[in-house]
Amino acid sequence: MVVDRSRQRQAGQPTRRQARCEAIWRAVAAIPRGSVATYGGIAASAGYPRAARLVGYALKTAPDALKLPWHRVVAAGGRIVFAQGSRLHREQRRRLESEGITVRRGRVAVARVEDLDALLWGSDG
DNA sequence: GTTGTGACATTAT
DNA sequence: CATAATGCCACAA
């Protein structure tokens, strides 16, 4: 049995990044309509706690064909990560309000977002 | 191998 | 509430 520490991955196998991105994409796709989740919550739901930044990377590189509900992903405290006035900010706000979620001063008008992403991992929703 | 950066989070000040 | 410092994972130079 050969032991190649430097190149464990076989040719054609998915890279770590790809595997993580796929898990993250699935977690994002699982966000119920009308709810919002945090980057950290998605990372945890995907099985990678503390990988909130990776969620951002995954969303940025996500193929449009997946039609992911990226607008349901907000930062801790329900804040929209995009700068107010930016195109993506208005886009996300518009999509959220389209689902009945109110946005005030760059934040979703949800009492506790943590409770929401908490129901994502544990409860059936 | 080091440094800088990014759709982030947490903690300290 | 605003800033700064760390931690986190992955990528680009």
Side-chain angles (χ1 to χ4, degrees):
Chain A
M1 164 165 193
V2 294
V3 184
D4 184 10
R5 298 76 149 253
S6 61
R7 294 289 179 274
Q8 294 269 329
R9 182 176 71 84
Q10 298 180 4
Q13 290 298 104
T15 63
R16 290 194 315 279
R17 173 185 68 75
Q18 183 153 8
R20 282 166 163 76
C21 281
E22 288 176 3
I24 290 170
W25 292 337
R26 281 195 298 272
V28 173
I31 304 175
R33 192 177 194 282
S35 299
V36 293
T38 63
Y39 286 86
I42 291 299
S45 179
Y48 306 100
R50 252 56 75 183
R53 295 195 83 119
L54 189 57
V55 175
Y57 178 84
L59 287 177
K60 188 179 66 173
T61 63
D64 296 353
L66 291 179
K67 298 195 314 176
L68 292 178
W70 59 268
H71 54 281
R72 297 175 192 153
V73 183
V74 296
R79 301 189 336 277
I80 294 179
V81 299
F82 308 110
Q84 290 191 32
S86 63
R87 192 186 68 79
L88 284 174
H89 183 100
R90 285 184 291 114
E91 175 80 6
Q92 183 167 18
R93 172 171 179 165
R94 182 175 168 73
R95 285 171 177 266
L96 287 173
E97 290 180 340
S98 162
E99 297 187 358
I101 302 174
T102 307
V103 178
R104 295 284 186 220
R105 290 176 69 255
R107 285 204 294 210
V108 298
V110 179
R112 296 215 195 285
V113 179
E114 298 183 25
D115 292 351
L116 281 178
D117 61 44
L119 77 83
L120 283 181
W121 343 311
S123 181
D124 52 289

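Quantities reported herein were computed from a predicted structural model and do not represent experimental measurements. Below, read A as the first sequence line, B as the second, and so on, with proteins coming before strands; counting in each chain starts at 1.
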Can you list, pair by pair, the side-chain donor-acceptor contacts under 3.5 Å of residues 57-69 of chain A, counting residues two or more places apart and other chains?
from	atom 1	to	atom 2	distance (Å)
A:Thr61	OG1	A:Tyr57	O	3.0
A:Thr61	OG1	A:Ala58	O	3.3

Range-with-range stems of DNA chain B (Watson-Crick or G-U pairs under 3.5 Å, three or more in a row): B:2-6 with C:9-13, B:8-13 with C:2-7
With A:Arg93, which residues qualify under salt bridge (charged side-chain N to carboxylate O under 4.0 Å, His left out), at least two apart? A:Glu97
Just to verify, what does A:Arg107 make a side chain to side chain contact (heavy atoms under 4.5 Å, CB included) with, not counting sequence neighbours? A:Arg79
With A:Arg95 via salt bridge (charged side-chain N to carboxylate O under 4.0 Å, His left out) - residues at least two apart: A:Glu91
Would you grab the first and last nucleotide of DNA chain C (5' to 3') that comes under 4.0 Å of any non-hydrogen atom in chain A? C:dC1 to C:dC11
Determine the contact category for A:Arg87: base if any of its heavy atoms lies under 4.0 Å from a base atom, sugar-phosphate if only primed atoms, P, OP1 or OP2 are that close, otherwise nothing. nothing
Check side chain to side chain contact (heavy atoms under 4.5 Å, CB included) between A:Ala46 and all other residues, then give those that pass, not counting sequence neighbours. A:Ala23, A:Ile24, A:Ala27, A:Tyr48
Please answer whether the main-chain N or O of A:Phe82 pairs with a side-chain N or O of A:His89 as donor and acceptor at a distance below 3.5 Å. yes
Tell me, which of residues 55-65 of chain A have any heavy atom that sits under 4.0 Å from an atom in DNA chain B? A:Gly56, A:Leu59, A:Lys60
Check: protein-nucleotides 2-5 of chain B nitrogen or oxygen pairs below 3.5 Å:
none

In whole Å, measure the gap between the P atoms of B:dA7 and C:dT6 for me. 23 Å
Integer-rounded Å distance: B:dA9 P and A:Ile42 CD1: 11 Å
Residue pairs involving residues 24-49 of chain A (criterion salt bridge (Lys or Arg N to Asp or Glu O under 4.0 Å); sequence neighbours excluded): none
